[in-house]
Amino acid sequence: MTYALAVHGGAGTILKSRMTPELETAYHAGLARALEAGEAVLKQGGAALDAVTEAVCALEDEPLFNAARGAVFTAEGKQEMDAAIMDGANRRAGAVAGLFGPRNPIRAARAIMERTEHVMLIGDNALRIARDAGLPFEEAPYFFTQARWDALQETLQMRAKGAENDDPARRHGTVGAVACDTHGHVAAATSTGGMTAKAPGRVGDTPCIGAGSFADDASCAVSGTGHGEIFTRWTAAAEISARMRHLGETVEQAADFVVMNDLAPNDGSGGVIAVDAAGRIAMPFNCEGMYRGSVGSDLPLSTLIYR
Ligand code: ASP
């Protein structure tokens with residue numbers, strides 16, 4: 001029986017010209033830790049849903065990536081986190097948006113899926129469900145990183161001068177995982193702090209099922225990263241699944257088409273990771289890089305940043 005797992009740490013990579021060897025090593029190590037956490041589940045015959053949960057928690061815990069610890073700041077200097085999880089076996093899904101408090105927002109999304117009849121909750125009730133589920137909470141210092149704070153200041157200063165900060169590493173990032181387990185089930189999980197200097201209350205594509213996250217055994221599991229408004233307007237993740245079901249495309253063809261032909265020409269910089277129920281993986285992106293990695297029963301662990 002085969003299994004496969006892919007992770008991403010966001011398409012907003014540091015420009016190659018600014019990357020240092022130390023940072024590059026740290027990014028690869030962070031991705032590898034997430035792959036190892038997810039693979040430990042899949043190797044024992046565990047569920048894709050558990051594998052993507054563990055992989056995303058590892059990425060959320062790593063301050064280099066824009067999710068949970070290390071999340072970017074809103075224009076008002078707060079952190080508001082979005083996350084979603086979806087089980088391809090039955091299309092059950094859970095999501096949270098604009099959340100602050102749970103150490104792992106992806107576990108909060110999963111609690112919404114498992115403990116309520118709803119898909120997405122926000123605000124105090126989402127926090128209450130996370131607390132009732134016994135999830136650990138953290139205070140502001142845990143989530144804070146100087147690099148994200150500096151990126152906010154720089155973006156606000158540029159904005160005051162009428163310029164847009166279009167350095168992708170400063171602007172966004174996200175983490176995600178997709179998996180296919182030995183039972184042929186797929187799952188997706190995505191978690192983000194959103195975009196630097198976003199408006200308070202802004203919700204991106206990440207927690208929106210069909211936009212930044214999607215999973216269905218009949219087609220594939222998808223986790224996206226990039227310009228969230230465009231992923232949402234083009235329903236990027238659902239479109240990849242629909243192309244497979246209605247046009248008979250492979251996961252690679254469908255993911256490539258949406259990233260290159262739907263998103264790229266419409267200011268939708270970014271990429272996706274996707275896996276089908278046979279364990280085939282696609283990881284297309286239309287920008288300089290995407291922190292990403294994959295591993296499987298027939299696939300050695302590998303991590304990549306640029307093309
Ligand atoms: N898609 C995320 C958002 O718009 C950001 C990213 O993936 O870079 O919130």
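Remember, it's 1-based here, ligands and their atoms both numbered in the order they're listed. Here, residue 1 is the first one in the sequence, and each next residue gets the next number. The figures here come from the full heavy-atom set of this structure, side chains too, leaving out hydrogens, waters and symmetry mates.
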Based purely on interatomic distance, does [X] place a nitrogen or oxygen under 3.5 Å from a nitrogen or oxygen of ligand 1?
X    : value
G228 : yes
D205 : yes
R202 : yes

For atom 7 (O) of ligand 1, what's the nearest protein heavy-atom neighbour? Residue, atom name and distance, please. T174 OG1, 2.6 Å

the protein heavy atom lying closest to atom 8 (O) of ligand 1 turns out to be H172 ND1, 2.5 Å

Check: of A211, C287, G226, min heavy-atom distance to atom 1 (N) of ligand 1 comes from G226

List for me each residue that meets ring-ring contact (aromatic ring centres under 6.0 Å, His included) alongside F100, sequence neighbours excluded, and say none if there are none. F143

Pi-cation contact, F257 with R243 (under 6.0 Å, within 45°): yes

Partner of D217 under side-chain hydrogen bond (donor to acceptor under 3.5 Å, both in side chains), picked from R91, H183, H185, is H185

Short question: side chain of D216, backbone of A221 - any donor-acceptor pair under 3.5 Å? no

When you measure from the side chain of N66 to the backbone N and O of V72, does any donor-acceptor pair fall under 3.5 Å? yes

Is it true that E54 and R107 make a salt bridge, defined as a side-chain N closer than 4.0 Å to a carboxylate O? yes

In ligand 1, which numbered atoms sit nearer than 4.0 Å to a non-hydrogen atom of [X]?
X    : value
G194 : 9 (O)
T225 : 6 (C), 7 (O), 8 (O)
G173 : 5 (C), 6 (C), 7 (O), 8 (O)

What part of H8, side chain, backbone, both or neither, has a heavy atom within less than 4.0 angstrom of ligand 1? neither

Show me, pair by pair, the donor-acceptor contacts under 3.5 angstrom made by side chains of residues 19-29, not counting sequence neighbours?
from	atom 1	to	atom 2	distance (Å)
T20	OG1	L23	N	3.1
T25	OG1	P21	O	2.8
H28	ND1	T303	OG1	2.7

